[in-house]
Structure formats: structure tokens, C-alpha cells
Amino acid sequence: MPHGLSPQALQLRLTRLADHIRSLPAPPQDSRALVVGEHPSLHQVLTGKGYRVLVLPRPAASSSPAIAPLGSLEGIELPDGQCHLAVLVDALEPLVWGRWGLQEIARILAPGGTLLFAITNPQGLTRLVDRHLWGRLGRKLVPHAHGSMTGWPSPHLDRPFFHSFPTLERLAAQLPAIGLRPVTWTAFGWGPVTGEQRYVLALHHPARLADRLWPQANSRLAGWANHRMWHCVKEPDHATRGVGVLPEGRLVCERAFEQIYATPLDHLDSWLRQVPPATAALGTSGNPDLPPGPLLLLSPHPDDEIIGCGGLLLAARARGREVHVLQLTDGGGSVALEGASTEVREGIRFQEAARVARSLGAVLHHWHEPGNALRAGPEQVARLEELLRTIDPRTILVPFINDRHPDHSAANRILAAALGRRQPAASMRILSYEVWSLVPANWWLEISRFQAAKAALLMQYRTGMKSVDYVRHCLFLNRHHAWQRFNRPGLMEAFQSLPVPAYLDQVARAEPFLAGEDPP
């Protein structure tokens with residue numbers, strides 16, 4: 001079926017959503033409503049209500065849709081805050097990256113805007129009957145027919161969206177972090193509204209009657225309903241969304257951090273045991289001023305530079321500093337690009353990096369090395385040596401040497417080899433930043449006033465953001481550093497700052513650790 005839903009189920013959703021839209025207050029003049037999919041009856045209701053309707057193509061069942069005038073749900077070609085209402089009838093189930101699709105909707109909604117969406121309940125009665133009746137009894141009673149019933153009557157429940165959100169409770173918990181505040185929800189559809197209606201459930205009509213006579217019936221039976229409709233409101237500040245739901249209080253924050261970042265913490269602890277910290281004699285920096293002169297950042301993959309030091313780059317540009325960003329690879333190894341063509345894998349993330357560099361006001365350099373295959377060979381070292389000679393930077397930023405991604409450690413080897421072949425200025429500093437590993441920090445920067453701009457830059461990295469919510473990741477990590485450094489709420493980026501000789505020594509001593517060998 002083209003929609004993955006039966007005509008009856010689709011019509012039921014359209015009816016419920018249309019009724020809810022009619023009950024909403026009249027919108028301001030020239031308000032825009034975004035609808036995903038061609039639904040003429042719903043468009044008519046919205047037009048009658050006073051909305052200007054924008055139509056976005058519904059996602060394809062098994063792959064990302066072709067780019068249309070408004071883009072796709074995984075990349076809406078509209079500026080932030082352009083719509084006052086968004087309606088999703090049958091759009092979430094086919095999404096491979098469901099959280100990102102909702103995040104894009106949140107981005108284009110104006111503050112206080114409304115999102116209405118209907119979604120299948122993975123634990124609905126039809127699904128349970130499908131699983132138990134046809135899954136268990138079917139194998140015993142009709143073994144020859146069971147193969148033809150696989151996935152019936154609700155095959156769309158097996159799509160990737162429900163791998164990320166196997167329950168609607170998990171989806172509801174994610175909405176506030178995206179910037180969408182649930183206001184109300186309604187459960188509906190207790191009958192056989194998917195598939196071909198080959199059986200009738202006795203609960204269907206009693207449930208409809210109970211819904212009228214017993215107001216609590218909706219919530220009591222909601223766990224069995226086949227569909228749920230949500231009414232959400234866009235929080236006022238999308239750029240700093242999620243700050244309000246971060247753990248408050250140092251003890252609570254530390255416990256949550258230790259639980260979520262258990263692996264990076266163990267990795268850092270192992271590093272400190274095997275490689276004596278070169279920062280011990282340097283103390284901590286109370287003055288976040290950088291040496292005068294150009295700044296060069298080595299980014300193994302597009303988006304690393306904003307994740308690790310977006311706030312620092314924004315602060316440097318605000319002070320009129322010259323910023324150069326070297327993208328070492330095309331980032332084509334991203335999990336979000338699995339199944340994409342070679343042309344897309346090699347080009348799309350560079351396009352995003354170019355857009356981010358323009359927004360930042362930075363000079364972009366790109367090597368087009370293949371993602372997940374960066375080598376520290378003579379050619380790469382010579383290219384970086386030439387760039388260092390051209391730019392003559394006084395500050396160089398690079399991911400911390402013990403970062404778990406091999407491209408990140410390769411970037412350090414290239415930098416160390418290039419610096420070892422020339423005489424750097426005595427004032428040059430190497431700042432190691434965090435992406436997937438934590439640094440033994442001795443240099444911090446308060447970035448609270450740059451958080452909105454940093455989040456906006458991250459949102460332009462659509463490919464990486466599909467698989468990981470980097471805005472949320474950075475908020476959590478930067479909040480932790482604020483508690484650690486100043487024992488108060490805030491947002492701070494952490495770095496290890498070393499002069500060139502100490503940095504070269506650290507890279508040399510890191511080799512046994514990176515190779516998994518016992519320290520000397």
C-alpha cells in the first residue's frame with residue numbers, strides 16, 4: 001500500500017486531525033501551515049481556517065525522498081520559524097531518522113507554533129493480536145499460510161522509526177529535548193484499522209461507547225489504542241532547547257554524567273594512568289586569551305570543529321580574529337550515509353561544511369581525504385606543512401590525541417610530523433578539543449552567550465545530526481564542565497593547552513597507548 005496504512009486508518013487520522021484543527025483558535029493573518037503529504041481534505045480545512053498551506057512530500061517507505069521545492073522531512077528547505085502550524089498525518093513511520101525529522105519540524109516552527117501529528121502505537125491492540133494470534137497460533141494452526149501473513153496487518157511498524165522509539169513513552173520523553181512541549185494527546189482506533197480487516201475485534205465498539213460515557217476511558221484504554229495524536233507547542237527558544245531539561249545541581253549532574261559518559265571516563269582514566277599528563281606543571285589558565293595571530297583548526301570530519309570548539313570559534317570571530325578551518329576528510333563514512341551513492345558520500349558533508357564556514361566567517365580548506373581512512377603519510381604531512389607556512393597560525397586546534405576515532409589520532413600524527421619539520425613560533429599554542437573523548441583540561445572558555453549561535457551552526461550539519469543529537473550532546477558536556485570548573489550552572493568548552501614542545505612530546509608518548517601496548 002502506498003501509505004503503509006489502510007485507507008480506513010488514513011481516513012481515521014485525517015478526520016481526527018481535521019476535527020482538532022477546527023477546534024483551534026483562529027490563526028494570525030498570513031499564518032503558514034506545513035502539511036507532509038498530499039491530503040486535499042485536510043488542506044481544505046486548513047485553508048478555511050485561514051492558513052496558507054505549504055506541502056512537503058511524504059517520506060518514501062524505504063529511502064530518503066527526492067529533493068522537492070521544499071526539500072524533505074529530513075531537510076526542509078525553509079528558514080527557521082517560518083510556520084505557525086505543522087501537521088503530520090502519515091509521515092513519521094517511514095523515517096529512518098525520526099528524531100531528526102521532528103527536530104527539523106521544530107526548527108521551522110515559529111516560537112509558540114503548534115505541531116499536530118498522528119502515529120501508530122507499537123503496543124496497540126491490533127499489533128498485539130497480529131503478533132500473538134498470527135505469530136504463535138498461526139504457526140501451529142495454519143503453517144502453510146503463515147509465510148504469506150508475515151508483517152500483516154501492520155508492516156509499517158517494523159520500520160526504523162520504531163527501532164529508535166519502540167514505545168510512545170520513549171517518544172514523549174524525547175519531545176522536550178527537541179524543543180517541543182506536549183500539551184495534549186488523544187488515543188483512538190481500537191478496531192481493525194490496519195491491513196485488510198480480515199478479522200473484527202470485540203473491543204472496538206465498546207471502547208467507542210466508553211469513550212463517550214466514561215471520560216477516563218481514553219487514558220485507561222490508551223495503551224491498547226492503535227493510534228495516538230499529539231498536540232505539541234514549540235518552546236520559545238529553540239537554539240538553547242534542552243537546557244531546561246538538563247540535570248540541575250552538581251550532584252545530580254555528576255551522577256547523570258558518570259552514567260552516560262562511563263566509557264569516555266574510563267578511557268580518560270586509562271590514559272592518565274599510562275601517559276603522565278604533560279599539563280601537571282602548567283597549572284590551569286584563568287585567562288582565556290589566545291596568542292595574537294591567525295587560528296587554524298584541524299577537523300577530521302565536517303562538524304567536529306563545531307562540536308568541540310564552536311563557542312571558541314565564535315568568540316574568536318567576535319574579536320575579529322582570522323579563523324581557518326581545515327576539513328581533512330569528506331566525512332563519507334558517516335552512518336547516516338549508508339546506502340548513499342559515491343557522489344553523495346563524497347560531496348554532501350563538504351557542502352554543509354562550506355555553508356557553516358560562511359556562517360562563521362571562517363576560511364575553509366578541504367583535503368577531500370576519504371572518511372574513516374585518514375593516513376599520516378608523507379603527502380599529508382607535506383600538505384599541512386605548506387598550509388602552516390602560508391597561514392603562519394599562532395593557535396592550532398586539533399582533537400585530543402587519545403580520541404577513539406582513528407581519523408582523530410591520525411590528525412595528531414600529521415600535525416606533529418609537520419610541526420617537527422619546521423621551527424614554530426615560541427608563542428604558538430596547541431589546543432586539544434573534545435569530540436568523542438574527554439581531555440585532561442587545563443584551559444576552559446565560558447560559551448553561554450554563544451550557545452544559540454553554536455546550536456544554529458550544528459543544525460546546518462544535517463547529515464551528522466540525523467544520527468546523533470549533537471546540540472544535546474554539547475549542552476550536556478558543556479554543562480558538566482561548568483560545574484567542574486566553577487561549581488555553578490553554565491556552559492563551558494574544555495581544552496588541553498600546550499606549547500609545541502610539550503605537545504610533540506605527548507604525541508610521542510601516546511603511541512603505545514594508541515596501539516594498545518603496555519606503557520614503557
Side-chain angles (χ1 to χ4, degrees), residues 36-37 55-79 91 94-101 103-105 107-108 159-161 163-164 297-307 324-360 362-377 379-380 383-384 387 399 405-408 410-411 414 435-436 456-470:
V36 180
V55 180
L56 195 69
R58 178 184 178 275
S62 58
S63 63
S64 298
I67 299 299
L70 289 181
S72 71
L73 191 51
E74 292 186 355
I76 304 174
E77 300 297 333
L78 285 174
L95 281 178
V96 176
W97 308 107
R99 186 265 311 158
W100 172 246
Q103 206 156 317
E104 272 289 271
I105 290 290
R107 179 185 65 80
I108 61 97
R159 293 180 186 165
F161 183 87
H163 298 169
S164 302
L297 186 144
L298 273 58
S299 177
H301 313 103
D303 70 19
D304 287 341
E305 80 281 15
I306 305 301
I307 295 169
H324 295 258
V325 175
L326 170 59
Q327 295 292 350
L328 296 168
T329 78
D330 57 26
S334 171
V335 65
L337 292 174
E338 289 182 359
S341 67
T342 301
E343 181 181 4
V344 170
R345 287 200 312 272
E346 293 178 352
I348 189 169
R349 298 192 74 184
F350 171 71
Q351 296 170 13
E352 294 170 345
R355 187 161 52 242
V356 168
R358 286 194 298 270
S359 300
L360 182 62
V363 180
L364 179 64
H365 308 268
H366 202 295
W367 281 5
H368 293 282
E369 294 281 337
N372 295 350
L374 182 62
R375 296 189 314 108
E379 179 185 351
Q380 288 78 13
R383 291 174 69 183
L384 182 57
L387 185 63
H405 198 295
D407 286 352
H408 294 194
I414 296 171
V435 181
W436 294 115
L457 292 174
L458 284 171
M459 290 291 288
Q460 294 186 52
Y461 275 121
R462 292 174 172 176
T463 302
M465 283 284 291
K466 288 180 183 179
S467 56
V468 179
D469 187 350
Y470 289 113

> Quick one: salt bridge (Lys or Arg N to Asp or Glu O under 4.0 Å) pairs with a partner in residues 366-376, sequence neighbours left out?
Replying inline: Glu369-Arg383
> Can you find a pair of side-chain heavy atoms, one from Gln460 and one from Met465, that are under 4.5 Å apart?
Replying inline: no
> What do the steps show when you test Leu457 against Ser359 for side chain to side chain contact (heavy atoms under 4.5 Å, CB included), and what is the final call?
Replying inline: CA-CA 8 Å; Leu457 292 174; Ser359 300; 3.7 Å; yes
> Taking the six-membered ring for Trp, are His366 and His368 parallel (under 30°), tilted (30 to 60°) or perpendicular (over 60°)?
Replying inline: tilted
> For the side chain of Arg58 and the backbone of Ala91, is there at least one donor-acceptor N/O pair under 3.5 Å apart?
Replying inline: no
> Between Arg345 and Ala340, is there a donor-acceptor pair closer than 3.5 Å when you use the side chain of the first and the backbone of the second?
Replying inline: yes
> Under 3.5 Å, side chain of Gln380 to main-chain N/O of Gly377, donor-acceptor pair present?
Replying inline: yes
>> Is it true that Asp304 and His405 share a donor-acceptor pair across their side chains at a distance under 3.5 Å?
In response: no
>> Could you work out, with side-chain contact (heavy atoms from CB on, under 4.5 Å) as the rule, every residue matching Ala362, not counting sequence neighbours?
In response: Val323, Val325, Leu360
> Any side-chain heavy atom of Glu346 sitting closer than 4.5 Å to one from Thr342?
Replying inline: yes
>> Please check: side-chain N/O of Arg107 versus main-chain N/O of Ala456, any donor-acceptor pairing under 3.5 Å?
In response: no
> Does Asp407 reach the main-chain N or O of Pro300 with its side chain, forming a donor-acceptor pair under 3.5 Å?
Replying inline: no
>> Pairing donors with acceptors under 3.5 angstrom, does anything connect the side chains of Asp330 and His301?
In response: no
> Can Glu77 and Arg462 be counted as an ion pair, charged N to O under 4.0 angstrom?
Replying inline: yes
> Does a side-chain heavy-atom distance below 4.5 Å link Phe350 with Pro302?
Replying inline: no
>> Less than 4.5 Å apart, side chain to side chain, heavy atoms only: is that true for Leu297 and Leu326?
In response: no
> Checking side chain to side chain contact (heavy atoms under 4.5 Å, CB included) for the pair Arg349/Tyr461: CA distance, chi angles, key distance, verdict?
Replying inline: CA-CA 8 Å; Arg349 298 192 74 184; Tyr461 275 121; 5.6 Å; no
>> Just verifying a value: how many Å separate Ile348 CD1 and Thr463 OG1, rounded to the nearest 0.5 Å?
In response: 4.0 Å
> Do Ile105 and Ile76 have side chains that get closer than 4.5 Å, going by heavy atoms?
Replying inline: yes
> How far apart are the closest heavy atoms of Val335 and Ser467, and which atoms are they?
Replying inline: CG1-CB, 3.6 Å
> What are the two closest heavy atoms between Trp100 and Lys466, and how far apart are they?
Replying inline: CD1-CG, 3.3 Å
> With side chains defined as the heavy atoms from C-beta onward, is the minimum distance between Val96 and Phe161 less than 4.5 Å?
Replying inline: no
> Arg99 and Asp469: which non-hydrogen atoms are nearest, and at how many Å?
Replying inline: NH2-N, 3.2 Å
> Mind checking whether Val356 and Leu458 have side chains closer than 4.5 Å, heavy atoms only?
Replying inline: no
> Quick check: does any side chain N or O of Ser334 sit under 3.5 Å from a backbone N or O of Gly331, one acting as donor and the other as acceptor?
Replying inline: no
>> Could you check whether Gln351 and Arg355, counting side-chain N and O atoms only, form a donor-acceptor pair closer than 3.5 Å?
In response: no
> Counting distance only, does the side-chain N/O of Glu305 pair as donor-acceptor with the main-chain N or O of Asp303 below 3.5 Å?
Replying inline: yes
>> Apply side chain to side chain contact (heavy atoms under 4.5 Å, CB included) to residues Trp367 and Gln327 and explain how you reach the verdict.
In response: CA-CA 6 Å; Trp367 281 5; Gln327 295 292 350; over 6 Å; no
